[in-house]
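Data block below; observations after.
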Amino acid sequence: MTDTTRQQRLAKPLDPFDFLARYGTILALVLLILFNLAFTRNFATMQTLNVNLTQVCTIVIVAVGMTLVIATGGIDLSVGSLMAISGALAPMIFLGKIVPIDSVGIAVVAAMVISVGVAGLFGLFNGWLIAKFRIQPIVATLVLFIAGRGIAQVMTNGNLQTFRVPQFQFIGLGRVFGVPVQVVLMLLLVIAAAWVLKRTVFGRQIIAIGGNERAAELSGIAVSTVKLVVYTISGLCAGVAGLVVIAINSSSDANLVGLGMELDAIAAVAVGGTLLSGGKATIVGTLLGAMTIQLVRYTLLANGVPDAAALVVKAGIIVLAVWIQQQGRRT
Amino acid sequence: MNDDILLSMTGIDKRFAGIPALSGASFAVGRGEVHALIGQNGAGKSTLIKVLTGYYRRDAGDVAFDGKPFEVFSPQLAQASGISTIYQEINLVPYRSITENICLGREARHYGLLDWKRMHKEAETLLRRFNVRVDVDRPLMEFNTATQQMVAIARAIGFSAKLVVMDEPTSSLDDREVTVLFDVIRQLKQEGVSVVFVSHKLDELYEVCDRVTIMRDGRTVKTAAMTEIDKIGLVSSMLGRTINRAEGHATAFSDRDEKKIGKVLLSAQNLSINRTVQDVSFDVRSGEIAGFAGLLGAGRTETARLVFGIDRPRAGIMHYDGQQFDPRSPADAIAAGMGFCTEDRKSEGIVPEMSVAENMMLALMPKVSKSGVIDEKAQRKIVERFIRQLDIKCSGPDQKVRELSGGNQQKVLLGRWLAMNPTLLILDEPTRGIDVGAKGEIQSLIKSLADRGLAVLMISSELEEVIEGADRVFVLREGITVAEFDRNQATEDVLMSAMAHGNAPRIVEAAS
């Protein structure tokens, strides 16, 4: 009897929801591009590509870490605040506000390493709360979601920091062979994370924990360690994204850097086809998800729909994506 | 006669996804009667109760309650018609007052506002029925557990219950609380309220129940007065055995060559954790299948969890391979050379969204990788070898494990541990929920593994599996190893007697 049910399952016609859950994001992306080619003026230009890519970069960088976190069945609400912290800390270092540093090169490198490292440490703190005290991820990361931005504001006394340091701003404004540096950075991160998830023991352990934490633990996987590392990675990604944002803006405002980023990142992950309950993750999907959301927003703006209305459409897409996922899973 | 019957269920059928959970089950409870409902795991007790309380809809059969045909579609409706259910866990709100807890969900209203006066009065009257006199306006958490328990019961029963279903009510209670509960049951009985009592503790049944209905494989196999049936009778009806049954092999365990049994690999003395494991001692030798027999709740799985480092014992000592063994996590036990196929494949075994290969490699993974990167080729080789060896029916290593049948999922899990090349394998109900053909395959697989020197600790609720499969059988009863038999001593009647009474002589192990 079990044999026949399996055969039926193998032989069943293509399930539309299953198809949508698998290829829906890329389908939506292609449709959006076709729509824009037909109706949006000046769409097929390098400038449009650049605008969209630079805007999507920071979301994707954060969403890569978020994908790993969500793959373990967790969530990280603190990423926006961690961006603010790293974005506030870096200028203080390379402008010599903490310790005067003579060489600009050393100052910039120190600023990048330290501020990203600090964001990573805060991520580790999230992981520690979750792994050691078994606090629900949504609650544990809420702590830094609230406190993190406060810390950034206290560090800067709430002042706007402006600067013109080309060596630092290279990561937001520079180009390598005509490609914006942050796009290169984003692609490197995406490739690295996709490789880790697919090819390494660590990646497999992440998926196993999200898929069935008890089974993972009973198979000897060090669940706590994996969670610590995953939240640290999410913090590091947020730190990098914070630097990119302030480099683009030539200024750092602790009130604004990374504001609402946690939601954009989660939305990109969800639209990309990663299960929000964990156990199934795709980094490339996350990239496509972020690009889809970005392109929808661009399409609406370019065709005269106000930003406020675009937000509603964005929400609608997320709801649709999650719904399709659930339908696909039910089979 | 018919006036005395409160509830009668006849010919009840219920299927889940085509698999029958109940087939032609019947059940009758008289007025003011305390009726026990017992059976093994999966015998259909819970399904029968859920059909009664409207949680499931029956596929066929008739239910009559209080002289009328009974048709309810939700537990709320069942409660309104006079059937209350008390579940294993007590769900109360500790910070709210007793009144609020009792009236939760059925608040008295007065012009749309809460009518506190009436609710307090209601709560007081209700509790007085069970001889509890307390200030009902005080938060529940200020009272002792016995009172809290009474509140939970009072809440469930309310004023209108004619039949109270108690699903393993004593499993989380201590002895004193159990006494209180039994007083309540007697009180209810005096008032003409009937009680259906589900429990695995046989002694309790004799203490409060009038009659007993025994279920097996979705059918009701026997109903008898408690005075007419002894514990052996209960156990044998539950297990579907009649003593002095004709001999013959019912499992795929054929006679084993006992000469290959080696030295003691794992030994445990006086393990205890709490009420579930109180005093368990046993040992397993290389190349030997040691069986754990016992009724549900005897502490077999709990003991296995201690051995595998999932829980930590409060007392007792273990030795593994000649060394003292005190695992702090499953990883420790795995490093020592153990594997553990859990009873609940779904929640503790498979990772459903992962492929056959990924599931099988879950424990071995770090060992088939170079500096953290999985060696896909080496891994695939191992997986393909085990798919062949264990004869796993799947479309290939990449098929999702959730699409496989129960038997094949079990084989994948066996493969997960065998790939580790373990010295001891713990199998908790290795053939539960598996169709007959696959069952035999898994049994002969276990046998051939032991023949090759693997030590196996096998927990099974199927008597014939333990008797024919195990070289030695340890019988657990209420958290205590009450008996040990070797292969030629272990017969159905001695095992059942030990499971029922726990007074069988502990036989000194024969020299091997």
Side-chain angles (χ1 to χ4, degrees), chain A residues 1-12 15 18 21-22 70-73 131 192 195-226 229 273-282 325 328-331, chain B residues 17-19 305 308-310 329-335 338-342 344-354 358-359 361-376 379 393-395 399-408 413 416-417 420 434-435 437-438:
Chain A
M1 185 207 71
T2 44
D3 271 351
T4 53
T5 47
R6 191 170 57 247
Q7 272 157 12
Q8 279 163 4
R9 201 170 290 148
L10 289 175
K12 83 182 166 200
D15 180 342
D18 198 41
R22 208 167 288 186
I70 287 178
T72 65
W195 179 79
V196 165
L197 216 47
K198 213 171 171 63
R199 295 272 173 243
T200 66
V201 173
F202 177 64
R204 196 76 63 81
Q205 289 176 334
I206 290 176
I207 304 284
I209 290 172
N212 187 342
E213 187 167 332
R214 282 166 77 187
E217 188 146 29
L218 290 177
S219 302
I221 293 174
V223 173
S224 298
T225 314
V226 172
V229 175
T274 292
L275 281 183
L276 287 181
S277 49
K280 195 178 154 205
T282 151
Q325 260 189 15
R329 259 185 116 192
R330 205 162 288 170
T331 54
Chain B
I19 298 154
R305 289 172 63 92
F308 202 62
I310 304 166
S329 67
D332 285 354
I334 293 168
M338 287 187 196
F340 182 17
C341 279
T342 49
D344 192 341
R345 280 193 298 277
K346 215 168 181 177
S347 76
E348 298 190 317
I350 61 165
V351 184
E353 289 290 331
M354 283 184 141
E358 286 168 327
N359 267 286
M361 287 294 104
L362 206 57
L364 186 70
M365 200 164 46
K367 290 185 183 163
V368 275
S369 59
K370 285 178 198 126
S371 45
V373 183
I374 295 168
D375 184 343
E376 299 279 348
Q379 177 184 289
K393 290 179 193 72
C394 59
S395 63
Q399 190 178 13
K400 290 229 166 102
V401 79
R402 68 178 155 91
E403 296 173 358
L404 267 51
S405 68
N408 284 302
L413 294 178
R416 178 189 288 174
W417 295 116
M420 301 289 293
I434 290 173
D435 61 82

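Each chain gets a letter, A, B and so on, in the order the sequences are listed, and its residues count up from 1.
B:T342 is linked by a side-chain contact (heavy atoms from CB on, under 4.5 Å) to A:L218, B:F340, B:E348, counting only residues two or more places apart in sequence or in another chain. The side-chain hydrogen bond (donor to acceptor under 3.5 Å, both in side chains) search around A:S224 returns none, not counting sequence neighbours.
A distance of 11.5 Å separates CE in B:M361 from CG in B:D375, rounded to the nearest 0.5 Å. To the nearest 0.5 Å, atom CD1 of residue A:I206 and atom CG of residue A:L197 are 6.0 Å apart.
Around atom NZ of B:K400, more than 12 heavy atoms belonging to other residues, nucleotides or ligands sit under 6.0 Å away.
The candidate from B:S369, B:P366, B:G372, B:A363 with the greatest count of non-hydrogen atom pairs under 4.5 Å with chain A is B:G372. For the set B:A331, B:A335, B:G339, B:G407, the count of heavy-atom pairs under 4.5 angstrom toward chain A peaks at B:A331.
With a 4.5 Å cut-off on non-hydrogen atoms, A:I207 touches chain B through its backbone and its side chain both. For B:I350, the part lying under 4.5 angstrom from a heavy atom of chain A is the backbone only. When heavy atoms are compared at a cutoff of 4.5 Å, B:M354 approaches chain A solely by way of its side chain, counted from C-beta outward.
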